[in-house]
Each structure stands twice: as structure tokens, then as C-alpha cells.
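In the text below, chain A, chain B and the rest are named by the order of the sequence lines, each starting its count at 1. Owing to the predicted nature of the structure, the values given are computational and were not obtained by experimental measurement.
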Protein chains: 2
Amino acid sequence: MALRNAVMAALLEGPASGYDLTKIFDSSVANFWMATPQQIYRELERMEGEDLIEATVVRQERRPDKRVFTLTGRGRGELRAFTSRPPRPIAIRDELMVQVQSVDVGDADAVRTAVTERTAWSSARLGHYLRLRAHLLDGRTEEEHLSRAERIGPYLTLLRGIALEEENLRWYERVLDILERRGALR
Amino acid sequence: MALRNAVMAALLEGPASGYDLTKIFDSSVANFWMATPQQIYRELERMEGEDLIEATVVRQERRPDKRVFTLTGRGRGELRAFTSRPPRPIAIRDELMVQVQSVDVGDADAVRTAVTERTAWSSARLGHYLRLRAHLLDGRTEEEHLSRAERIGPYLTLLRGIALEEENLRWYERVLDILERRGALR
DNA sequence: CACACCTATTCAATTCGTTGACTGAGGAGA
DNA sequence: TCTCCTCAGTCAACGAATTGAATAGGTGTG
């Protein structure tokens with residue numbers, strides 16, 4: 001019952017199909033909420049049943065038809081109500097950290113490989129966020145954007161994503177460095 | 001089937017009861033894995049059934065008896081095998097971020113309060129991590145610790161926790177600042 | 001021309017996570 | 001003495017998430 005809030009927040013950016021939402025969840029929202037396509041489609045069904053969103057079928061020429069969802073007034077109301085309730089504590093699960101925690105009894109080479117792969121992933125993501133930021137700002141300074149834009153929420157969460165991935169990259173580098181030095185000692 | 005790896009990683013620090021583990025998960029492991037007591041106790045039952053851990057009943061004088069779990073050889077083997085498989089992508093769910101994302105249509109005052117509360121939480125956690133770090137280092141420099149300690153995994157994940165909370169605090173401050181300025185404009 | 005990947009969803013099965021309540025003892029402080 | 005806190009768990013029920021597979025046309029690459 002919490003995924004729906006993330007879905008509604010995503011729909012503030014404009015109408016989207018289930019497929020579009022899976023894309024949005026893979027890119028910008030991934031920053032603070034992960035969801036699989038199945039989760040999203042199921043939740044959309046329920047939300048439609050509760051009049052939080054409305055679907056309009058869009059017929060397409062060379063593609064399968066799609067159902068595009070928009071937030072209803074009720075949906076906006078629920079989203080607003082959600083923002084005034086205290087949020088739950090953050091939930092994280094990161095297997096890579098578990099591997100690093102147990103690296104001393106584990107396969108250090110494999111862990112290093114995993115960290116390297118995460119580095120690639122994080123830097124791709126950072127690049128994506130930076131492009132999104134440039135696109136949002138569109139030549140203006142941050143000051144200008146913050147004082148003129150209709151919505152600042154997406155910009156704030158984007159800043160978080162950038163800071164987080166930069167921090168991740170620094171930590172990954174540090175871990176690789178330390179693990180390599182340790183490996184050399186053996 | 002993933003929680004068990006976190007549990008085994010925690011048991012590398014030494015034998016622990018279910019209750020101890022809930023504490024460990026609340027403090028150091030919370031950094032990368034969240035689990036409720038119920039999840040932990042249930043998982044411990046299963047793990048015992050699969051000979052990944054062993055229980056010894058410790059009778060206590062003025063307290064209820066407890067069952068203290070230790071990693072078996074099989075458990076260590078499984079943990080090692082886990083470290084050589086590619087980790088799953090990180091899973092995060094943070095309602096606070098969803099609230100920030102939708103702050104423009106939401107209750108900005110409530111969101112600010114929520115951010116302030118998270119600030120308190122993060123700074124308590126940071127303090128805790130810093131004390132843990134001082135305790136781990138025990139007067140030595142990081143260099144010395146890394147070259148002499150038997151295990152470096154816990155130190156590495158601790159560094160991550162510290163960096164993460166520092167980053168969180170910077171972001172929370174920034175968000176409060178921006179939201180207050182916005183609020184003042186209305 | 002084949003083959004893989006993209007769009008756009010749906011279904012079923014199973015595992016996992018969350019909530020709330022319950023037991024019971026001892027210790028600390030008002 | 002009363003109440004709250006810590007220790008040390010257990011149980012039931014429900015909701016949410018994950019995995020794997022299926023469908024079906026279109027588009028791009030070698």
C-alpha cells in the first residue's frame with residue numbers, strides 16, 4: 001500500500017502508461033523506490049479500481065495499444081494526505097554490502113568484481129542524473145530554477161540521487177583500493 | 001532467501017541469540033539490511049533446520065534462557081558461496097523521498113517536519129557509527145587497523161554508513177533551506 | 001535472413017515482509 | 001506497590017514482492 005504513493009508521485013510529471021512507469025521507475029524514481037513491472041501493473045489495476053487514477057486507451061498504429069493513466073482529483077487528495085503522515089523509516093537491502101561485510105571469509109576476487117560492476121552501474125546512473133539536471137535547468141542557474149519552477153520536488157530528489165551516487169563511487173574506489181592492498185599482502 | 005546471508009555475516013562477529021541479532025540489525029547492519037525480529041527468528045529456525053547454524057541453550061540465573069547461535073562449517077561454506085555469486089541490485093524504499101518528490105502538491109509543513117525528524121535520526125546514527133569506529137580503531141590509525149586486523153569487512157561497511165549519513169545530513173539541511181525559502185515566498 | 005531486443009502487458013506460484021498481539025520473568029524508579 | 005523497561009522469545013494472518021513464463025507485433029544489427 002506504499003508503492004501507490006510512489007506511482008502517484010511519478011504521475012505528477014504527467015500521464016503515463018504502465019510501460020512508461022516501468023521506465024520512470026528504472027530511471028529517476030529508482031533513486032528512492034524500486035519496483036518491478038509486475039508490481040506496477042498490479043498496483044495500477046487496484047488504483048484504477050479505487051479511482052485514484054483513470055485510464056484512457058490510446059490506439060497505436062504500429063504498436064500494441066496502450067492504456068495511459070492520469071491522476072484523478074481523488075488521487076491528488078490521497079497523495080496530499082500521504083505527505084502529511086509521518087513517513088516510514090527507510091528500507092534498504094544491499095547484497096553487495098553483505099558481501100563486503102563478509103569479504104574476509106568470502107571470495108575476495110568475486111567481491112572486487114562485484115564492486116567494479118557496481119561502479120559501472122553507479123557511474124552510468126550518475127551520468128543519467130546529470131543529464132536530467134542539465135535538461136531541467138535548461139541553461140538557467142539553480143537559483144533561477146528554484147525560484148521560478150512550478151515544482152521543485154523532482155529537483156530536490158535529483159540532487160539526492162547525484163549526491164548519493166557520487167558518494168557511492170567514492171566508497172567503491174576506496175574499497176577496491178583497500179581490498180587490492182590486502183590481496184597483495186597474501 | 002537473502003536475509004540468511006545477512007544473518008550469517010552478522011554471526012561472523014561471534015555467536016549471538018535471536019535477541020542479540022535483532023540488536024545488531026538495529027545498529028550496525030541497519031546500514032545495508034533492515035529486518036524485524038519476526039523475520040530474524042523465523043529465518044533462524046529455518047537455518048538451524050538446514051545446518052547453517054547451531055543452537056546451544058544457555059541457562060541464565062535471573063533471566064529467561066536463551067538460544068545462542070553459531071555458524072557451522074556448512075554455514076561458512078554457504079556464506080563463501082554467496083560472496084562469489086553476483087549480488088542482486090540494491091533495493092531501496094524511502095517514503096520520505098516520495099514525500100519530497102510530491103511536496104509541491106503536498107503538505108509542505110509536514111514534509112519539513114519529517115525531514116527534521118530524519119535529521120535527528122541520522123545524526124544519532126552517525127554518532128553511533130563514529131563511536132563504533134573509535135572503538136574498532138582503539139587508538140590506532142586506520143592504516144594500522146587495516147594492515148593488522150583479522151577482518152576488514154566490518155570496517156569497510158562502517159565507513160559506508162558514516163559517509164552515507166553525512167551525505168544524508170547535508171541533503172536534509174539543503175532541503176530544509178530550500179523549502180523554507182519557498183515557504184517564505186507564499 | 002535470422003535473431004535478439006523493444007513495446008506493452010498479463011498470469012500464476014511462491015516466498016518474503018509487516019503488523020499486532022501474547023508470554024513471562026527481573027530490575028529500576030516514583 | 002505500581003508501572004514501565006529490558007530481556008528473550010513465539011504465533012497467526014495478511015499483504016506485498018519476486019520469479020518465471022507467455023503473448024504478440026515491430027525494429028534494428030550483423
Side-chain angles (χ1 to χ4, degrees), chain A residues 1-7 10 15-27 29-30 32-50 53 55-69 85-95 98, chain B residues 1-7 10 15-27 29-30 32-50 53 55-69 85-95 98:
Chain A
M1 286 301 178
L3 171 60
R4 57 180 50 195
N5 300 304
V7 168
S17 67
Y19 192 75
D20 294 336
L21 283 166
T22 65
K23 293 309 182 61
I24 295 170
F25 270 76
D26 264 355
S27 62
V29 177
F32 51 88
W33 208 278
M34 311 290 272
T36 61
Q38 289 75 3
Q39 271 180 73
I40 292 169
Y41 280 111
R42 187 174 28 146
E43 196 62 30
L44 286 170
E45 285 304 307
R46 287 185 199 151
M47 292 169 74
E48 197 189 358
E50 295 173 41
I53 55 175
T56 37
V57 175
V58 174
R59 304 225 169 273
Q60 293 184 121
E61 284 286 302
R62 303 155 186 288
R63 312 248 145 171
D65 295 353
K66 60 178 174 183
R67 304 210 307 144
V68 170
F69 297 94
R85 287 194 296 273
R88 296 191 191 181
I90 189 170
I92 1 173
R93 262 166 293 137
D94 191 347
E95 291 197 348
V98 179
Chain B
M1 286 300 179
L3 171 59
R4 57 179 51 195
N5 300 304
V7 169
S17 68
Y19 192 75
D20 295 336
L21 284 166
T22 65
K23 294 308 181 65
I24 294 171
F25 270 77
D26 263 356
S27 61
V29 178
F32 51 88
W33 208 279
M34 313 289 273
T36 60
Q38 289 75 2
Q39 271 179 73
I40 291 169
Y41 281 111
R42 194 179 18 165
E43 196 62 29
L44 286 170
E45 286 303 307
R46 287 184 198 152
M47 290 168 74
E48 198 190 357
E50 296 175 40
I53 55 175
T56 34
V57 175
V58 174
R59 306 224 169 274
Q60 294 185 118
E61 283 289 301
R62 303 154 187 289
R63 312 249 142 173
D65 296 350
K66 59 178 174 182
R67 304 210 307 142
V68 171
F69 297 95
R85 286 194 297 274
R88 295 189 192 180
I90 189 170
I92 2 172
R93 262 165 295 136
D94 191 348
E95 290 197 350
V98 179

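- Residue Tyr19(A) places none of its side-chain N or O atoms closer than 4.0 Å to OP1 or OP2 of dT9(C).
- Residues Asp94(B) and Ile90(A) come closest through the heavy atom pair OD2-CD1, 3.4 Å.
- An angle of 50°, rounded to 10°, separates the two end axes of the helix from dC1(C)-dG30(D) to dA30(C)-dT1(D), each defined over five pairs.
- Distance CZ (Phe69(A)) to P (dA8(C)): 13 Å, rounded to an integer number of Å.
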Pick out the pairs of N or O atoms, protein on one side and nucleotides 20-23 of chain C on the other, that lie under 3.5 Å.
residue : atom : partner  : partner atom : Å
dG20(C) : O6   : Gln38(B) : NE2          : 2.9

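- Rounded to an integer number of Å, the gap from CD of Gln39(B) to P of dA16(D) is 15 Å.
- Taking CG of Leu21(A) as the reference point, atom CZ of Phe69(A) lies at 8.0 Å (rounded to 0.5 Å).
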CA sep, side-chain torsions, deciding dist, call: Val98(B), Trp33(A), side chain to side chain contact (heavy atoms under 4.5 Å, CB included): CA-CA 8 Å; Val98(B) 179; Trp33(A) 208 278; 3.8 Å; yes
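- Look at CZ on Arg46(A): it is 7 Å from C1' on dA16(D), rounded to the nearest Å.
- With hydrogens and angles disregarded, no donor-acceptor distance shorter than 3.5 Å links the side chain of Asp26(A) to the backbone of Lys23(A).
- Sequence order on DNA chain D of the closest nucleotides to Ala91(B) and Val68(B) puts Val68(B) first from the 5' end.
- As a whole-Å value, the separation of Asp26(A) CG from dT7(C) C1' is 14 Å.
- One atom, CG of Asp20(B), and another, P of dC7(D), lie 9 Å apart when rounded to the nearest Å.
- The shortest distance between the side-chain N/O atoms of Lys23(A) and the OP1/OP2 oxygens of dA8(C) is not below 4.0 Å.
- Arg42(A) and Glu45(A) are not joined by a salt bridge, as no carboxylate oxygen comes within less than 4.0 angstrom of a charged side-chain nitrogen.
- Taking atom CD1 of residue Ile24(A) and atom P of nucleotide dA8(C), one finds them 13 Å apart after rounding to whole Å.
- Looking at heavy-atom distances under 4.0 Å, Arg67(B) makes contact with sugar-phosphate atoms alone, never a base.
- Following rounding to the nearest Å, Glu50(B) (CD) and dT15(C) (P) show an atom-to-atom distance of 12 Å.
- Nearest nucleotide to the side chain of Tyr41(A), out of dT10(C), dT18(C), dT7(C): dT10(C).
- In this structure, the nucleotide among dT10(D), dT19(C), dA8(D) sitting nearest to the side chain of Glu45(B) is dT10(D).
- The residues Arg4(A) and Glu50(A) are annotated as salt-bridged, a charged nitrogen and a carboxylate oxygen being separated by less than 4.0 angstrom.
- Residues Gly18(B) and Ile40(B) come closest through the heavy atom pair O-CG2, 4.3 Å.
- With hydrogens and angles ignored, the 3.5 Å screen pairs no side-chain donor or acceptor of Tyr19(B) with any backbone N or O of Pro37(B).
- Taking the side chain of Thr36(A) as heavy atoms from C-beta on, and the options dT19(D), dT9(C), dA8(D), the nearest nucleotide is dT19(D).
- Using a 4.0 Å heavy-atom distance criterion, Ser17(B) is classed as a sugar-phosphate-only contact.
- Distances shown here put every side-chain N or O of Arg93(A) at or beyond 4.0 Å from the OP1 or OP2 atom of dC16(C).
- Put simply, NZ on Lys66(B) is 18 Å from C1' on dT10(D), counting in whole angstrom units.
- Taking 4.0 Å as the cut-off between side-chain N and carboxylate O, Arg67(B) and Glu48(B) count as a salt-bridged pair.
- In this model, a side-chain donor or acceptor of Arg42(A) finds a partner on the base of dA17(D) within 3.5 Å.
- Residues Ile92(B) and Phe32(A) have side chains not in contact (no heavy-atom distance under 4.5 Å, counting atoms from C-beta outward).
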